[in-house]
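The chains referred to below are lettered A, B, ... by the order of the sequence lines, with proteins before strands, and numbering in each begins at 1.
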Number of protein chains: 2
Amino acid sequence: MATSCKTGSRVAVRPLSEEALEMIARRFALLGEPMRLRLLHALFDGEKSVTALVEASGGTQANVSRHLQAMAEAGLLGRRKQGLQVFYSIADPTLFQLCELVCGSLEEKLARDAKAFARAG
Amino acid sequence: MATSCKTGSRVAVRPLSEEALEMIARRFALLGEPMRLRLLHALFDGEKSVTALVEASGGTQANVSRHLQAMAEAGLLGRRKQGLQVFYSIADPTLFQLCELVCGSLEEKLARDAKAFARAG
DNA sequence: GAACTATATGAGCGAAAGGTAATATAGTGC
DNA sequence: GCACTATATTACCTTTCGCTCATATAGTTC
């Protein structure tokens with residue numbers, strides 16, 4: 001979406017098929033759960049086993065396993081099996097940028113809100 | 001998240017509070033519904049009234065109004081009232097980048113999958 | 001103020017999704 | 001083969017959430 005040909009400051013937006021829309025939505029939805037973000041956050045400094053992720057996230061083994069599987073199926077995570085253990089890792093580098101964008105935007109918004117609050121009070 | 005100090009290719013990830021995590025998740029979750037993406041997509045070429053958005057999205061008035069309100073409360077959309085009509089517009093410029101990132105990532109993945117399929121078949 | 005238009009809201013329904021407990025599967029070492 | 005560990009899966013419960021119908025609110029025009 002916002003699939004674009006930037007021409008100056010105006011952006012030409014092309015139409016999006018229903019399937020494309022659902023794929024995009026599904027990807028955003030995957031990032032829309034705190035537990036999954038916690039797992040991604042733990043993976044940001046490198047590949048980890050399921051057990052390590054269970055400890056890092058504080059979740060149950062079953063739940064963590066499910067979330068990891070969902071993200072792996074969507075292509076967000078990579079899976080590497082070694083003996084008894086399974087190691088997951090960030091497979092989509094845009095995850096870093098996505099999270100930084102949202103984080104930055106939220107920080108700005110919070111700063112603005114705080115300022116407005118101070119001005120009003 | 002991925003809140004970072006890039007030092008070479010390694011990224012130092014700092015811890016995230018539970019509140020921050022939920023705020024980030026909420027923002028992603030807002031983008032995780034096709035109907036809301038459809039509305040955003042319609043708004044990408046400029047401010048529109050609710051009625052216009054209802055037509056553009058094919059949704060019901062009640063539903064569209066709810067979604068617009070949710071995104072406005074989150075700071076994604078701006079609201080301008082003029083007479084009987086209410087005009088909504090993109091308030092967070094990072095939305096363009098977010099959608100472009102996801103779109104690009106999905107296109108790449110689809111291309112890879114197609115290639116793998118051809119190779120396998 | 002009455003009729004009309006544009007938007008918002010309340011109540012209720014049904015589907016989707018996260019969480020958990022218990023169990024299954026796969027791999028290791030003895 | 002048996003005990004053990006790491007991960008995945010099944011069944012179930014509960015909550016969340018999107019959707020719709022009906023109605024309320026706000027603003028305009030006459």
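Summarising the geometry, the separation between CD on B:Gln61 and P on D:dC19 is reported as 14 Å, rounded to the nearest angstrom. Rounded to an integer number of Å, the gap from CG of A:Leu39 to P of D:dT7 is 13 Å. D:dA8 atom C1' lies 9 Å from atom NZ of A:Lys81, rounded to whole Å. The interatomic distance linking B:Leu53 (CG) with C:dA6 (C1') rounds to 13 Å, in whole Å. Rounded to a whole Å, the CZ atom of B:Arg36 is 8 Å from the C1' atom of D:dG18. D:dA6 atom C1' lies 18 Å from atom NZ of A:Lys48, rounded to whole Å. Here D:dG27 presents its C1' atom at 14 Å from CZ of B:Phe87, a figure rounded to the nearest Å. Taking atom CG on A:Leu84 and atom C1' on C:dG27, their separation rounds to 4 Å, with Å as the unit.
Residue B:His67 places no side-chain N or O under 4.0 Å from the OP1 or OP2 atom of D:dC17. For the OP1/OP2 pair of C:dG18 and a distance below 4.0 Å, the side-chain nitrogens and oxygens of A:Asn63 include no atom meeting the criterion. In this model, the phosphate group of C:dT20 is approached by a side-chain N or O of A:Thr60 to a distance below 4.0 Å at OP1 or OP2. OP1 or OP2 of D:dG18 has not a single side-chain nitrogen or oxygen of B:Arg38 nearer than 4.0 Å. Close to D:dT28, at under 4.0 Å from its OP1 or OP2, lies no side-chain N or O of B:Gln85. A close approach under 4.0 Å does occur between a side-chain nitrogen or oxygen of B:Tyr88 and OP1 or OP2 of C:dA8. Considering only side-chain N and O atoms, B:Arg79 lies nowhere under 4.0 angstrom from the phosphate OP1 or OP2 of C:dT7.
The structure places SG of B:Cys99 at 12.5 Å from CZ of A:Arg27, a figure rounded to the nearest 0.5 Å. Distance check: A:Leu40 CG to A:Leu43 CG gives 6.5 Å after rounding to the nearest 0.5 Å. Atom CD1 of A:Ile24 and atom NE2 of B:His41 lie 8.0 Å apart (nearest 0.5 Å).
Residues B:Pro34 and A:Arg26 fail the side-chain proximity criterion, which asks for heavy atoms closer than 4.5 Å. In this structure the side chain of A:Ile90 never reaches within 4.5 angstrom of the side chain of A:Leu76, judged on heavy atoms. With a 4.5 Å cut-off on side-chain heavy atoms, A:Phe28 and A:Leu30 do not count as touching. Side-chain contact between B:Ser57 and B:Val64 is present, with heavy atoms from C-beta onward closer than 4.5 Å.
Projected onto DNA chain C by closest heavy-atom contact, A:Gln82 and B:Val86 fall at different nucleotides, the more 5' of which corresponds to B:Val86. Along DNA chain D, the nucleotide closest to B:Ala62 and the one closest to B:Glu33 are compared, and the more 5′ of them pairs with B:Glu33.
Checking D:dT9, C:dA8, D:dA8 against every side-chain atom of A:Arg66, the shortest atom distance belongs to D:dT9.
Ion pairing between a basic and an acidic side chain is recognised when a charged N comes within 4.0 Å of a carboxylate O; B:Arg38 and A:Glu18 show such pairing.
Fit an axis to the five pairs at each end of the helix from C:dG1-D:dC30 to C:dC30-D:dG1 and the two axes sit 20° apart, to the nearest 10 degrees.
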